[in-house]
Amino acid sequence: MRTFNCTCGNTLYFDNTQCLQCGKSLGFDTSHLEVIPLLEIQEDNWHSDSNPDLKFRKCNNSQNANRCNWLIPANENESFCMACRLNVVIPDLSKPENEQRWRKLENAKRRLIYTLLTLRLPIINYHQDADHGLGFRFMEDIKGFDMFSEEVVTYQKIMTGHNAGTITINILEADDSEREKIRTLMNEAYRTILGHFRHEIGHYYWDQFIARTDKLDEFRLLFGDERIDYESALSTHYQNGAQRDWQETYISAYASSHPWEDWAESWAHYLHFMDVLETASHHHVGIQGDEIKYTQNNLRDWLEFHSFESIFGQLAKLMRTLNELNRSLGFPDPYPFEHSPIVINKLAFIHRVVMSS
């Protein structure tokens, strides 16, 4: 994630809504991928502090629990920003605990959408394509009081997943304690809200970039034949665990369950890498004097001039260093994964797919 600058000289960050130095209101301009200081012309009419020709309205979700800081260009007849327009279902906000959950989910979703925009990946929402457009459902398990047992029981459990462009997230994933319980139960090394978003969007882009395209044959050579029965493969995985020696072929244990999940897991890690790359460069982080140099304002422009091999080499060093720093403080590894040559080839394939989109 990049850092930004206020006209007063203060450093701004992606989630900021107000400059703490000069007090100006802030908003994220999706056209220029910048957090910018704003001046109010009249009620809910704003322009950029540095360019009065750039006029905006604030998203309708800026004043509720969402606290969205994304802007709507003044010439668009919309009430919600491009990120919030992707919402199909939001949590029941009559429950106070859901406000914080929703805010966490939206913060992660905006980071996802930002990375997609920096990579110039297509985002077609469900309003534009009702059958396959991208949409998000943030839902909770349906519970009720059972008269016979005299207990509150779960009648319908919401499963996080993807179906024909619609991504469903169980809002319990926004509760740190609940998410940790699930991580432990599933014997996972890593489980985050942002990781869920990046994994599920991988399924969406498989439909966009791989299915019924000339890339399908290469996908099958690297990831396997996705035509094997999906439900049966997942059932086997949950009953028997990951494939033996999965580390030699897969980026995670879950990736070994089915080629679709291998793709989605690898895609999620690729987006992890792209965000870390941008963050490290903007904070001038390097390993042994070999700083990651990032000169363009847009990540996609920078990637055009660098091979995946050189990028990945630097990122691998950085991830190992981050792990060691955490160990020095007694914390778990922030990135508890290793990459075999086969896994690196899969990531390189995803990079080629992204760069050709």
Side-chain angles (χ1 to χ4, degrees), residues 1 14-15 17 27-35 56-73 75-93 98-140 158-174 192-209 264 267-268 270-272 274-275 299-300 354 357:
M1 179 61 66
F14 182 66
D15 297 321
T17 58
F28 181 70
D29 174 10
T30 56
S31 298
H32 299 90
L33 301 180
E34 294 275 354
V35 173
F56 305 95
R57 295 189 313 282
K58 291 190 176 183
C59 177
N60 269 16
N61 281 331
S62 64
Q63 298 301 316
N64 58 28
N66 184 327
R67 295 294 300 277
C68 177
N69 69 338
W70 284 30
L71 300 170
I72 307 165
N75 61 356
E76 291 185 7
N77 186 27
E78 300 285 353
S79 299
F80 296 96
C81 72
M82 68 162 296
C84 289
R85 289 201 297 272
L86 295 170
N87 289 343
V88 180
V89 177
I90 66 170
D92 179 1
L93 299 180
N98 284 350
E99 292 190 355
Q100 185 178 22
R101 291 168 175 168
W102 187 37
R103 186 173 180 180
K104 287 183 177 180
L105 290 167
E106 292 291 347
N107 285 342
K109 188 187 76 178
R110 283 191 290 272
R111 284 183 174 267
L112 167 73
I113 301 302
Y114 170 85
T115 302
L116 303 183
L117 291 173
T118 64
L119 293 173
R120 297 181 193 149
L121 295 171
I123 303 173
I124 301 172
N125 70 39
Y126 71 100
H127 297 291
Q128 300 165 296
D129 183 349
D131 294 325
H132 303 287
L134 182 61
F136 293 89
R137 303 192 310 165
F138 302 137
M139 302 175 68
E140 62 184 317
I158 300 301
M159 303 301 295
T160 294
H162 166 269
N163 181 33
T166 300
I167 292 173
T168 300
I169 305 287
N170 188 317
I171 65 172
L172 282 181
E173 293 290 345
T192 66
I193 303 171
L194 187 53
H196 278 307
F197 278 103
R198 288 173 172 165
H199 174 100
E200 300 304 338
I201 204 71
H203 289 298
Y204 170 77
Y205 282 116
W206 191 89
D207 290 344
Q208 304 295 314
F209 295 149
W267 178 278
Y270 178 80
L271 294 190
H272 291 336
M274 293 301 103
D275 201 356
L299 178 61
R300 178 68 179 256
V354 168
S357 65

> Got a sec: does the CZ of Arg57 have more than 12 other heavy atoms crowding it under 6.0 Å?
Replying inline: yes
> How long is the gap from CG on Leu93 to CZ on Arg101, to the nearest 0.5 Å?
Replying inline: 11.5 Å
> Tell me, do Arg67 and Thr17 make a side-chain contact under 4.5 Å, heavy atoms counted?
Replying inline: yes
>> I want to check something: taking the side chain as every heavy atom from C-beta on, are Ser357 and Phe209 in contact at a cut-off of under 4.5 Å?
In response: yes
> Can you tell me how far SG of Cys59 sits from CD1 of Ile72, rounded to the nearest 0.5 angstrom?
Replying inline: 5.5 Å
> Is there a side chain to side chain contact (heavy atoms under 4.5 Å, CB included) between His196 and Ile169 once you walk through the steps?
Replying inline: CA-CA 8 Å; His196 278 307; Ile169 305 287; 4.2 Å; yes
>> I'd like to check Trp267 versus Ile201 (side-chain heavy atoms, cut-off strictly below 4.5 Å). Are they in contact?
In response: yes
>> Would Leu112 and Leu271 count as a side chain to side chain contact (heavy atoms under 4.5 Å, CB included) here? Give the steps.
In response: CA-CA 8 Å; Leu112 167 73; Leu271 294 190; 4.0 Å; yes
> Is there side-chain contact between Thr168 and Met159, with at least one heavy-atom pair below 4.5 Å?
Replying inline: no
> Phe138 and side-chain contact (heavy atoms from CB on, under 4.5 Å): which partner among Val88, Val89, Asp92, Asn87?
Replying inline: Asn87
> Within a strict 4.5 Å, meaning less than it, do heavy atoms of the Met1 and Asp275 side chains meet?
Replying inline: yes
> If we only count heavy atoms from C-beta on, is the Trp102 to Glu99 side-chain gap below 4.5 Å?
Replying inline: no
> Any idea which heavy atoms bring Asp29 and His32 closest together, and the distance?
Replying inline: OD2-ND1, 2.6 Å
>> A side-chain contact here means heavy atoms from C-beta on lying under 4.5 Å apart; do Thr115 and Arg198 qualify?
In response: yes
> Can you tell me how far CZ of Phe56 sits from CZ of Phe28, rounded to the nearest 0.5 angstrom?
Replying inline: 10.5 Å
>> A quick test of your reading: do over 12 heavy atoms of other residues, nucleotides or ligands sit less than 6.0 Å from CD of Gln100?
In response: no
Report, one line per pair, each donor and acceptor closer than 3.5 Å where one atom sits in a side chain of residues 160-167; sequence neighbours left out.
{"unit_1": "Thr160", "atom_1": "OG1", "unit_2": "Asn170", "atom_2": "N", "d": "3.1"}
{"unit_1": "His162", "atom_1": "NE2", "unit_2": "Gly165", "atom_2": "N", "d": "2.9"}

> What's the spacing between Cys84 SG and Asn66 CG if we round to 0.5 Å?
Replying inline: 4.5 Å
>> Working to the nearest 0.5 angstrom, can you tell me the gap between Trp70 CH2 and Ser62 OG?
In response: 14.5 Å
>> Let me confirm one number: the CD1-CD distance from Ile171 to Glu140, rounded to the nearest 0.5 Å.
In response: 4.0 Å
>> As a quick check of understanding, evaluate side chain to side chain donor-acceptor pair (under 3.5 Å) for His132 and Asp129, giving each step before the final call.
In response: CA-CA 6 Å; His132 303 287; Asp129 183 349; 5.6 Å; no
> Are Leu119 and Tyr114 close enough, and set up right, to give a side chain to side chain contact (heavy atoms under 4.5 Å, CB included), and what steps lead you there?
Replying inline: CA-CA 9 Å; Leu119 293 173; Tyr114 170 85; over 6 Å; no
> Tell me, which pairs form a salt bridge (Lys or Arg N to Asp or Glu O under 4.0 Å) where one or both residues lie in residues 108-118, sequence neighbours left out?
Replying inline: Asp15-Arg111, Glu106-Lys109
>> List the residues meeting side-chain contact (heavy atoms from CB on, under 4.5 Å) with Leu86, not counting sequence neighbours, and say none if there are none.
In response: Ile113, Ile123, Asn125, Leu134, Phe136
> Looking at Gly135 and Tyr126, what are the two nearest heavy atoms and their distance?
Replying inline: CA-CD2, 4.0 Å
> Nearest heavy-atom pair of Leu71 and Lys58: which atoms, and what distance?
Replying inline: CD2-CG, 4.1 Å
> Does Asn60 use its side chain to pair, donor to acceptor, with the backbone of Glu78 at less than 3.5 Å?
Replying inline: no
